[in-house]
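Structure first, commentary second.
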Amino acid sequence: MSTDTLITIENTELRSERLLLRAPRMSDTGPLGLYAGDWRVAGMTTSIPHPYPPGAAEAYVTATAAGRAPETVWAIDATPDGGSELAGVIGVKRETVELGFWVGPPFWGTGYGTEAASLVCRHLLGPCKAKKVTANVFFDNPASQRVLRRTGFRQVGETWIYSVARQIEVPAISFELTQVASADIVP
């Protein structure tokens with residue numbers, strides 16, 4: 001592990017006009033289990049199993065609250081926009097500063113993913129003083145690729161990543177971001 005990646009990533013509340021990014025809470029476990037249990041969500045992530053086991057949402061929230069998860073996680077809360085308390089989840093692996101996210105199917109096409117990614121990246125590259133943020137997205141996930149490109153990420157390579165839901169190695173595109181400017185954000 002490079003010393004360039006040793007940064008402190010706190011779960012500070014992050015806000016935009018439409019979103020609040022906050023720590024996950026037990027009241028999120030119902031929608032969390034519903035969305036994570038959807039094959040269309042789980043199959044596009046590296047770590048969500050399918051089928052999603054009973055009690056997994058509660059265990060996930062408990063682990064993130066106790067700091068036992070390897071990432072810092074925010075719930076994507078759309079209540080400032082008149083929406084749901086949980087529209088998705090976004091997180092950053094602390095040791096590698098790798099961004100990961102998903103948005104629940106009812107919120108696809110709303111721009112919440114791009115807005116959340118922008119908020120987190122501004123936090124990481126600003127107050128957290130990260131030199132870069134990385135992300136990997138499966139080739140067959142054009143929606144998440146668009147989110148990253150709209151946030152200002154650039155493609156830097158290709159790789160294979162294991163998907164727990166698919167139970168196979170899946171081809172993926174590697175992305176990198178070193179700065180976020182307001183012009184980089186396209187809703």
Side-chain angles (χ1 to χ4, degrees), residues 1-2 4-5 9 19 21 31-53 56-57 60 64 69-76 78 86-125 130-181 183-187:
M1 173 177 26
S2 163
D4 288 346
T5 60
I9 305 170
L19 298 178
L21 303 186
L32 178 65
L34 176 68
Y35 303 143
D38 188 316
W39 170 254
R40 298 170 296 171
V41 172
M44 293 298 163
T45 72
T46 58
S47 60
I48 298 176
H50 189 79
Y52 198 63
Y60 179 74
T64 59
E71 65 268 344
T72 299
V73 177
W74 291 268
I76 302 172
L86 185 79
V89 172
I90 189 163
V92 180
K93 291 180 183 173
R94 288 187 285 274
E95 289 190 3
T96 58
V97 194
E98 181 180 340
L99 184 73
F101 59 91
W102 58 262
V103 175
F107 310 101
W108 290 352
T110 62
Y112 290 163
T114 302
E115 198 166 326
S118 175
L119 283 169
V120 170
C121 289
R122 284 179 191 285
H123 179 63
L124 295 171
L125 295 169
K131 297 199 183 318
K132 70 179 176 181
V133 182
T134 63
N136 292 295
V137 177
F138 296 139
F139 268 91
D140 60 352
N141 188 349
S144 290
Q145 293 171 36
R146 278 190 302 276
V147 165
L148 293 177
R149 287 187 176 102
R150 288 176 176 159
T151 305
F153 280 81
R154 64 183 178 85
Q155 183 175 336
V156 293
E158 298 175 358
T159 190
W160 288 79
I161 300 174
Y162 187 78
S163 167
V164 173
R166 299 183 199 199
Q167 299 182 4
I168 58 170
E169 293 268 327
V170 180
I173 302 171
S174 297
F175 290 89
E176 183 177 282
L177 179 70
T178 56
Q179 63 181 9
V180 179
D184 292 334
I185 303 153
V186 180

Who pairs with A36 by side chain to side chain contact (heavy atoms under 4.5 Å, CB included), at least two apart in sequence or on another chain?
I48, Y52
Applying salt bridge (charged side-chain N to carboxylate O under 4.0 Å, His left out) to E176 and not counting sequence neighbours gives K132, R154
Smallest heavy-atom separation, I161 atom then A172 atom, equals CD1-CB, 3.9 Å
Please round to the nearest 0.5 Å and tell me the distance separating atom OG1 of T178 and atom CZ of F153.
10.0 Å
Can you see which heavy atom on L148 is nearest to which on F175, and at what distance?
CD1-CD1, 3.5 Å
Flag the pair T134 / S174 as yes when at least one side-chain heavy-atom distance between them is below 4.5 Å, and no otherwise.
no
Distance, nearest 0.5 Å, that separates CD1 of I9 from CZ of R94
7.5 Å
Taking the side chain as C-beta and beyond, is there a heavy-atom pair between S144 and W102 under 4.5 Å?
no
So, does Q155 use its side chain to make a donor-acceptor pair with the main chain of Q145 at under 3.5 Å?
no
Distance col, row E71:CD vs S47:OG, nearest 0.5 angstrom, shows 6.5 Å
I173 versus N136: any side-chain heavy-atom pair under 4.5 Å?
no
In terms of heavy-atom contacts, V164 and P49 come closest through CG1-CA, 3.7 Å
For residues 158-168, which residue pairs pass the salt bridge (charged side-chain N to carboxylate O under 4.0 Å, His left out) check, not counting sequence neighbours?
D140-R166
Write out all pairs satisfying salt bridge (charged side-chain N to carboxylate O under 4.0 Å, His left out) with one or both partners inside residues 31-43, taking only residues at least two apart or from two chains.
D38-R40
Residues passing the side chain to side chain contact (heavy atoms under 4.5 Å, CB included) test with A87, sequence neighbours excluded, are I76, A78, F107, Y112
Specify the closest pair of heavy atoms between T151 and L177, including all atoms of both residues, with the distance to one decimal.
O-CD1, 4.1 Å
Run I90 and L99 through side chain to side chain contact (heavy atoms under 4.5 Å, CB included) and show every step you take.
CA-CA 7 Å; I90 189 163; L99 184 73; 3.7 Å; yes
For the pair T64 (side chain) and V73 (backbone), establish whether a donor and an acceptor sit closer than 3.5 Å, ignoring hydrogens and angles.
no
From CD (Q179) to CG (L125), nearest 0.5 Å
8.5 Å
Looking at T45 and A42, would you say the former's side chain and the latter's main chain have a donor-acceptor pair under 3.5 Å?
yes
Is the shortest heavy-atom distance from the side chain of V120 to the side chain of W74 under 4.5 Å?
yes
Got a second to check how far L124's CG is from K131's NZ, nearest 0.5 Å?
13.5 Å
Taking the side chain as C-beta and beyond, is there a heavy-atom pair between V170 and W160 under 4.5 Å?
no
By side chain to side chain donor-acceptor pair (under 3.5 Å), which residues pair with T46, not counting sequence neighbours?
none
I need the W39 CH2 to H50 NE2 distance, nearest 0.5 Å.
6.5 Å
